[in-house]
Chemist: 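Please read through the structure below; I'll follow up with questions.
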Number of protein chains: 2
Amino acid sequence: MTRRATIPAQPASERSPRARPGGGKNSGRNDRKNVAIDISPLPDRIGYMLRRAQLAVFKNFVRCCAEFDIRPGQYAVLAVIENNPGLKQIDVSTALGIKRTNLVALIDLLEQRGFARREPVPADRRSYALHLTAKGKAFMSKLHARVDAHERQVRTALGEDARDQLLPMMQRLIDTLGPASTDDEP
Amino acid sequence: MTRRATIPAQPASERSPRARPGGGKNSGRNDRKNVAIDISPLPDRIGYMLRRAQLAVFKNFVRCCAEFDIRPGQYAVLAVIENNPGLKQIDVSTALGIKRTNLVALIDLLEQRGFARREPVPADRRSYALHLTAKGKAFMSKLHARVDAHERQVRTALGEDARDQLLPMMQRLIDTLGPASTDDEP
DNA sequence: TATTGTTATACTCTATAACTATA
DNA sequence: TATAGTTATAGAGTATAACAATA
């Protein structure tokens, strides 16, 4: 089955018009414009569709939070610090699957913007205790509302019944295929 | 509800031991090691879980196709050329949501590896007709088998009933939230 | 004037190696 | 010896602006 009708993940503007059988030898002539491209196996690949969907959702996130100038990853780090005041960078690293080496600049940024701070830990002078500043807490309380709005848009797009099924499915993929490499094991 | 038991997307090694209520003031002391981190809202965010799952699936793809030294994006481009011999770069661009400007180096690479070639189009001397070489076709026939194996692993991880539901859900997200910006519209 | 491919550039995310200071 | 944070660096992926050749 060569897949044309079922229509793949490409701009709606490209898909709307009509599909055109690309069977044997439609090679050379694309003059009439708006040719339907056959991306056959891709719309049946979990990874491909997952990727396209994730990009669409992230784009929606950034658009919704534009006035806060925040990226999904930054929001995740802030949320983890908010829920676990005093935790170490390595904890954030393992919790979110971000390498500790890549977390440094991220925390730097949040510190520069005045949202988080690194506090010395007397018991272990190698590490820092991460906390939100008052400004950071205020920022998050406003941001959460926006992210919730974004989330509602996504869930609306998904449809009622699908919502409760998607998250467990994702969790199964993560658990089974091996979670993100936090650090260690090359 | 603060979410602890439901257990989020983090390395299984971190999750297995036991969850620890992080309610009021568990701030300073993380000495006992292996502390459960509360990433509260994140496992309920579609975008976050989508991202973690997509990374896991892509990682599995790369692992499965290690001997071919191929990335998901490269495979996608090769597949589109294979199914639409003679198409232009701009067609690949719109079909896969890759900016035409970023596609250049990608095609360059596939050409350097001898898998694809750019043929001049007499009718439109601005564009090239993309084709797989004989080597590229042979490569793809072997690669498809490997990607199919990867796909089976992913679908096994997902579980029987979930498989048929996931793809339509992804398609709905892509369609509704706006597809990937191919080019144009800033 | 618009389209196709291209270059240059930049920013984000991810990845590895190696260093430091502590433990 | 191992751990926490850091630096430097490199590679993908994505983004914009501007240009040449052609339509």
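Note on naming: letters A, B, ... go to the chains in the order of the sequence lines (proteins, then strands), and numbering restarts at 1 for each one. Worth saying up front: this structure is predicted, and the values here are computed from it rather than measured.
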Chemist: For B/Ile98 and D/dA15, what is the distance between atoms CD1 and P respectively, to the nearest whole Å?
Modeler: 11 Å
Chemist: Rounded at 0.5 Å granularity, tell me how far NZ in A/Lys137 sits from CG in A/Leu78.
Modeler: 13.0 Å
Chemist: Output the rounded distance in Å from NZ (B/Lys99) to C1' (C/dA8).
Modeler: 17 Å
Chemist: Could you list the donor-acceptor pairs under 3.5 angstrom formed by side chains in residues 68-75 of chain B, with sequence neighbours left out?
Modeler:
residue : atom : partner  : partner atom : Å
B/Gln74 : OE1  : B/Arg71  : N            : 3.2
B/Tyr75 : OH   : A/Arg45  : NH2          : 3.1
B/Tyr75 : OH   : B/His144 : ND1          : 3.2

Chemist: With sequence neighbours left out, what residues match B/Lys135 under side chain to side chain contact (heavy atoms under 4.5 Å, CB included)?
Modeler: B/Phe115, B/Thr133
Chemist: Does B/Arg118 have any salt bridge (charged side-chain N to carboxylate O under 4.0 Å, His left out) partners at least two apart in sequence or in another chain, and if so, which?
Modeler: B/Asp108, B/Glu111
Chemist: When the distance from CG of A/Asp124 to P of D/dT3 is rounded to whole Å, what number comes out?
Modeler: 12 Å
Chemist: Could you give all pairs that pass the ring pair (Phe, Tyr, Trp, His ring centres under 6.0 Å) test and reach residues 84-105 of chain B, with sequence neighbours left out?
Modeler: none
Chemist: Check this one for me: any side-chain N or O of A/Lys59 less than 4.0 Å away from OP1 or OP2 of D/dA15?
Modeler: yes
Chemist: Which residues pass the side chain to side chain contact (heavy atoms under 4.5 Å, CB included) test with A/Thr176, sequence neighbours left out?
Modeler: B/Ala157
Chemist: Collect all protein-nucleotide pairs involving nucleotides 5-7 of chain D in which both atoms are nitrogen or oxygen and the distance is under 3.5 Å.
Modeler:
residue : atom : partner  : partner atom : Å
D/dG5   : OP1  : A/Gln89  : N            : 3.1
D/dG5   : OP1  : A/Tyr128 : N            : 3.3
D/dG5   : OP2  : A/Gln89  : N            : 3.4
D/dG5   : OP2  : A/Ile90  : N            : 2.7
D/dG5   : N7   : A/Arg100 : NE           : 3.0
D/dG5   : O6   : A/Arg100 : NH2          : 3.0
D/dT6   : OP1  : A/Arg118 : NH1          : 3.0
D/dT6   : OP2  : A/Gln89  : OE1          : 3.0
D/dT6   : OP2  : A/Gln89  : NE2          : 2.8
D/dT6   : OP2  : A/Arg118 : NH1          : 2.8
D/dT7   : O4   : A/Thr101 : OG1          : 2.4

Chemist: For A/Arg51 and for B/Pro122, locate the closest nucleotide of DNA chain D by heavy-atom distance; then report the residue assigned to the nucleotide nearer the 5' terminus.
Modeler: A/Arg51
